[in-house]
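Worksheet: one structure, shown below.
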Amino acid sequence: AAGRPSRRRAALCCLAAAFILLAAMLLSGCSSLNQGIGSLFGNQRKEFYQKGVDAYNNNDFYSARDYFRTAEGYANSKSYLEAIDEYERLYLEAVELLEAKDYEAAKRTFEAVEAFGNSKDYLAYIADLKSFYTEAMQLYAGQDFVAARERFVQSSDYGQAADYIKSIDD
């Protein structure tokens with residue numbers, strides 16, 4: 001039992017010595033150790049950067065953003081991050097325009113970021129609204145006011161649908 005503390009003490013001393021040696025090498029600029037560590041982190045950053053490029057090219061912008069952030073400035077990661085941020089800004093602007101029922105402006109903005117998020121779904125939705133509105137206008141011109149009203153309602157205030165509904169109701 002008396003020998004155990006000295007073995008622990010010896011192990012701790014060896015560990016401390018190894019730590020001191022490693023710290024001294026780092027502080028003195030031991031080039032081979034610094035290069036090895038730098039190379040290790042550089043390879044990881046390069047790997048994350050490449051995964052980011054692949055995700056970006058596959059329109060997986062959220063994963064790409066995570067990879068580029070992890071790549072920490074490798075190559076042109078920052079440019080990719082800025083582009084993704086701009087796509088997201090335009091996407092959110094398009095959603096706001098849609099909510100404000102400014103469908104044509106929303107359509108133009110979604111088209112600018114068609115690959116981002118569910119922009120294609122929104123574009124299809126706007127196309128459907130326009131189709132309902134166009135059909136409603138034809139029905140209205142043909143004096144089929146009941147069917148026209150139904151299509152104007154389906155067009156969700158596209159164009160002047162609300163005015164036509166009011167006109168039919170009066």
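Computed over heavy atoms, backbone and side chain alike; hydrogens, waters and symmetry mates excluded.
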(message) Applying side chain to side chain contact (heavy atoms under 4.5 Å, CB included) to Leu129 and Gln154, what does each step give before you reach the verdict?
(response) CA-CA 7 Å; Leu129 295 179; Gln154 289 175 317; over 6 Å; no
(request) Decide yes or no on side chain to side chain contact (heavy atoms under 4.5 Å, CB included) for Thr109 and Tyr91, but give the supporting numbers first. (result) CA-CA 7 Å; Thr109 308; Tyr91 173 84; over 6 Å; no
(message) Return the CG to CG distance between Asp66 and Leu81, rounded to the nearest 0.5 Å.
(response) 9.5 Å
(message) Give me the atom names and distance for the closest heavy-atom approach of Asp157 to Tyr103.
(response) O-CE1, 3.8 Å
(request) Can you see which heavy atom on Ala161 is nearest to which on Ser155, and at what distance? (result) CB-OG, 3.3 Å
(message) Would a single hydrophobic cluster contain both Phe132 and Leu98, if residues Ile, Leu, Val, Met, Phe, Trp and Tyr are joined by side-chain heavy-atom contacts under 4.5 Å?
(response) no
(request) Grab the two heavy atoms, one from Ala106 and one from Ala94, that are nearest each other, plus how far apart they are. (result) CB-O, 3.7 Å
(request) Supply the atom-to-atom distance Asp85 CG to Arg65 CZ, rounded to the nearest 0.5 angstrom. (result) 5.0 Å
(request) Report yes if the side chains of Tyr164 and Met137 come closer than 4.5 Å at any heavy-atom pair, otherwise no. (result) yes
(request) Check whether the side chains of Asp54 and Gln50 place a donor and an acceptor atom closer than 3.5 Å, and report yes or no. (result) yes
(message) I'd like to know if Tyr125 and Phe110 are part of one continuous hydrophobic network [Ile/Leu/Val/Met/Phe/Trp/Tyr, side-chain heavy atoms within less than 4.5 Å].
(response) yes
(message) If the threshold is 4.0 Å, N to carboxylate O, is there a salt bridge linking Arg89 and Glu86?
(response) yes
(request) Search all heavy atoms of Ser119 against all heavy atoms of Glu114 and return the closest pair with its distance. (result) CB-O, 3.6 Å
(message) Rounded to the nearest 0.5 Å, what separates atom CD1 in Ile84 from atom CZ in Phe68?
(response) 6.0 Å
(message) Looking at every heavy atom in both Arg149 and Asp169, which two are closest together, and how far apart are they?
(response) NE-OD1, 2.6 Å
(request) Given side chain to side chain contact (heavy atoms under 4.5 Å, CB included), test Tyr49 with Asn76 step by step and report yes or no. (result) CA-CA 9 Å; Tyr49 172 81; Asn76 60 341; 2.4 Å; yes
(message) The criterion is ring-ring contact (aromatic ring centres under 6.0 Å, His included); which residues satisfy it with Tyr67, sequence neighbours excluded?
(response) none
(message) Could you report the tightest heavy-atom contact between Lys107 and Leu123, atom names first, then the distance?
(response) O-CD2, 3.6 Å
(request) Taking the side chain as every heavy atom from C-beta outward, state whether Ile126 and Lys130 have any atom pair closer than 4.5 Å. (result) no
(request) Apply ring pair (Phe, Tyr, Trp, His ring centres under 6.0 Å) to Tyr62 and Phe116, showing your working. (result) CA-CA 9 Å; Tyr62 295 109; Phe116 191 87; 5.6 Å; yes
(request) Look at the rings of Tyr56 and Tyr87 and say which category their plane angle falls in: under 30° parallel, 30 to 60° tilted, over 60° perpendicular. (result) parallel
(message) Would you say the ring centers of Phe48 and Tyr74 fall short of 6.0 Å from each other?
(response) no
(message) Does either side chain, that of Asp60 or that of Ser63, offer a donor lying less than 3.5 Å from an acceptor on the other one?
(response) yes
(request) State whether a side-chain donor-acceptor pair under 3.5 Å links Ser167 with Tyr140. (result) yes
(request) Please determine if Arg151 and Glu135 form a salt bridge, counting it only when a charged side-chain N lies under 4.0 Å from a carboxylate O. (result) yes
(message) What's the separation between atom CD in Glu72 and atom OG in Ser77, rounded to the nearest 0.5 Å?
(response) 9.5 Å
(request) For the residue pair Tyr133 and Tyr158, categorise the inter-ring angle as parallel (less than 30°), tilted (30 to 60°) or perpendicular (more than 60°). (result) tilted
